[in-house]
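Naming: A, B, ... by sequence-line order, numbering from 1 per chain.
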Amino acid sequence: MDPDGGGSPAVPTPSASTAGAPDAGAAAVEEGGGKQVLVVLVGPPGSGKSTFAEAILGGSGAGRHWARVCQDTIGNGKAGTKIQCLKAAADALKEGKSVLLDRCNLEREQRADFLKLGSHVHVDVHAVVLDLPAKVCISRSVNRRGHEGNLQGGMAAMVVNRMLKKKETPLLTEGFSRIMFCKDDNEIKKAVDMYNALGPSDCLDPGIFGQTTKGPIQVGIMKFLKKPESSEKSSGPKVTPSESMPQMQNHFSKQKTLEAGGTCPVEGENNKKKIEEQSRESIPSDISSRTLAFPSISTADFQFDLDRASDIIVDAVSIVLQKYDNIRLVLVDLSQRSRILSLVKDKAAKKNINSSRFLTFVGDITQLHSKGGLRCNVIANAANWRLKPGGGGVNAAIYNAAGEDLHRATKECADTLRPGSSVTVPLPSTSPLHQREGVTHIIHVLGPNMNPMRPDCLKNDYTKGSKILHEAYTSLFESFVAIAHNSCIEKQNTEPVLEKPVTGVTSPTDLKMKRGCSYDSERTKKHKLVQPNIPSNQAREGDNKRSGVTSTKTWGSWAQALYELAMHPENYKNSDSILEISDDFVVLNDLYPKAKRHVLIVSRRDGLDSLADVKKEHLPLLRTIHSAGVKWAQKFLEGDSSLVFRLGYHSVPSMRQLHLHIISQDFNSSSLKNKKHWNSFTTTFFLDSVDVIEEINQHGSANISSDDRVLAMELRCHRCRSAHPNIPKLKSHIANCKSSFPYHLLQKDRLLSSSTMHMDCS
DNA sequence: GTTCTAGAAC
DNA sequence: GTTCTAGAAC
């Protein structure tokens, strides 16, 4: 075989003859003057690393002994680690073998320890970069089945997308003696042939081979996940292709903005100083990665009523800040006399929103750092539905400032945007906006239109308009939280690579994944209800208006089951579902569990229908119930230490009688069927018991800010916050998502696991 | 809370 | 044709 068959200079022949190579073995490797080789394969999932390694292991070879060290398989079913790979590589090298390192190795940091290993044992360390187009890797990884590391399907697309964004091209200065780039299958085959022909005494020429200059990697996850909608079907605003859609009436005057120097409308101080002070006060130093600057949506060209809009902004901000501790939001407007800024500022103050976590800012959103002293990595764009540059206002300004990179990157992510949704676009590092202002992500967001001169005018239907505007801000903030969360995780945890959280496009309405994810959609099985073992004539009816009931909600007969249980637990004591009965509460398995473990602790206090009725005097009861919850969670953890529990109340429960949910966070249950189920446990609708107790202790009542609207929100993974188009896709995702939980859940014992409860998990 | 089912989405 | 959602009924 001619290893250089194609005559490509990228694939050199071994410098020593491969003919008649001596027999294999560590001694032979030394004798021939050739060295053992550690081949560091560099490439994302789907690039063909394993195929490459297998082809050499299975090839006829020239007598060299090879070992494959593969992170996907080294954990014997569990996720492998870099440490395991390092050890296996060191062992193989000690045995005189050459090593094929089969892991992604895309980042310099991920490669560094293996290069150190190579220098310690005096072997040549080569990099073979499987530099195939992103779309090829994504397509392969999405479509493959039976992958060793179980990275396939839609999840794989997101992982590949994310990993490629972080790719750092190997350099000789890292310590490689040789780096070879393979751009297609043909070049990969030549490289395989070359290593197959490498006898124990052969060595390959040092240097770089096959590299071509390339622009920044533009990966297009949405090409594989999203099917572009036809214009007829789109429910978004429709304009003819030639129309432009300016978002704001006031055209930017950049010169003016710069001179304004970004002054906060409230305090006449220099903004830079103020921002810095605030950062020192209560915000961590790396706050820029957790700051979102956003313009007011829909209030300029789309003519949304400013008073209503300001209510919605403050409400949406309030919700997201309650949910996430460690983020900062900045509403930006160009005008010193901005009415929306002053309305929002007043309402935020009235609502006691922490002014260091939410602020208003006068300035140009494209020059926040250079001219305003405000560091933030993420800015929102008031986009048009076609996600095109032009028009006027914020959209034009951001596209102008970001250059062609933004247009290109946006096209890779999505084609259109519907009112009420958002899409995250990573801004290439080549963009001037990235380089000058440090902006790493743009989140395009589209709000409702009230302007009859613009398409899809809602004709003053503020019921619909307000709903859409709220959805737009919620989607924007959730998209931002996903970025901030990932940024936080990346800093904390550099391995294993495949376990890093992923962020995709964050608009459920625009996200159209290909079908094919497996999901067990069996029709509902009938669950056996708890039946009282006494005649039902003892069951009371019409108790809703009994004195002592403070909430005004009326309960249907079906919603009274827990109340009946709490008042007469003795009637149910033979039921398998009842786990414990005390004077204060009854513990039972939820009849329709939404996770592997899901139990309810039902208060027995008459008059407490839901959290809305709870006052300071009920604190001891709440603490008793909480302790019981912790006890039962601990009991379940003793049976299965892999579970993670959350204890909390529904803001507006369906069933009468105060009850605490203890629910494992796998959400692996056939009873979890719809959006309402999911969102009732994973949004602000679910109030953690620890927070409820604290709020009641401090303010005398629970803060029930969420209502039914949050139950209709987009489906997001409770761990990585990625959005999913429907329940089966979501379930398929959460079954595999290994991202750590959002930051706020990791605080204050909101999550109970074998590690937080200091249990022996061996 | 669930079940049922029409019709939208694929 | 099948899958999935959402709203009505209970």
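- When atom types are taken as modelled, the side chain of A:His568 and the backbone of A:Glu564 share no donor-acceptor pair closer than 3.5 angstrom.
- If you measure from atom NE2 of A:His598 to atom C1' of B:dT2, you get 14 Å, rounded to the nearest angstrom.
- For B:dT2, one of the phosphate oxygens OP1 or OP2 lies less than 4.0 angstrom from a side-chain nitrogen or oxygen of A:Lys594.
- Between A:Lys675 and A:Glu714 there is no salt bridge, since none of the side-chain N atoms of the basic residue sits less than 4.0 Å from a carboxylate O of the acidic one.
- Considering only side-chain N and O atoms, A:Lys673 lies under 4.0 angstrom from the phosphate OP1 or OP2 of B:dT3.
- Whole-Å rounding puts the A:Leu730 CG to C:dC4 C1' distance at 14 Å.
- One interatomic measurement links the two molecules: CZ of A:Phe681 to C1' of B:dG1, which rounds to 11 Å at whole-angstrom precision.
- Regarding contacts with the backbone of B:dT2, a side-chain N or O of A:His677 is found under 4.0 angstrom from either OP1 or OP2.
- With centres under 5.5 Å and a plane angle under 30° as the test, the ring of A:Tyr592 is not stacked against the base of B:dG1.
- Outside the 6.0 Å centre-distance limit, the rings of A:Tyr649 and A:His661 are not counted as a close aromatic pair.
- Here B:dT2 presents its C1' atom at 12 Å from CG of A:Asp590, a figure rounded to the nearest Å.
- Distance A:Lys729 NZ to C:dT3 C1': 9 Å, rounded to the nearest Å.
- Between the NZ atom of A:Lys676 and the C1' atom of C:dC4 there is a distance of 18 Å, given to the nearest Å.
- Taking the ring centre of A:Tyr462 as origin, the terminal cationic atom of A:Arg308 falls inside the region bounded by 6.0 Å and 45° from the ring axis.
- The CG-C1' distance, from A:Asn674 to B:dT2, rounds to 10 Å in whole Å.
- Across the protein-nucleic acid pair, A:Glu714 atom CD and C:dT5 atom P stand 15 Å apart, rounded to whole Å.
- Each of C:dT5, C:dA6, B:dG1 was ranked by its minimum atom distance to the side chain of A:Pro728; first place goes to C:dT5.
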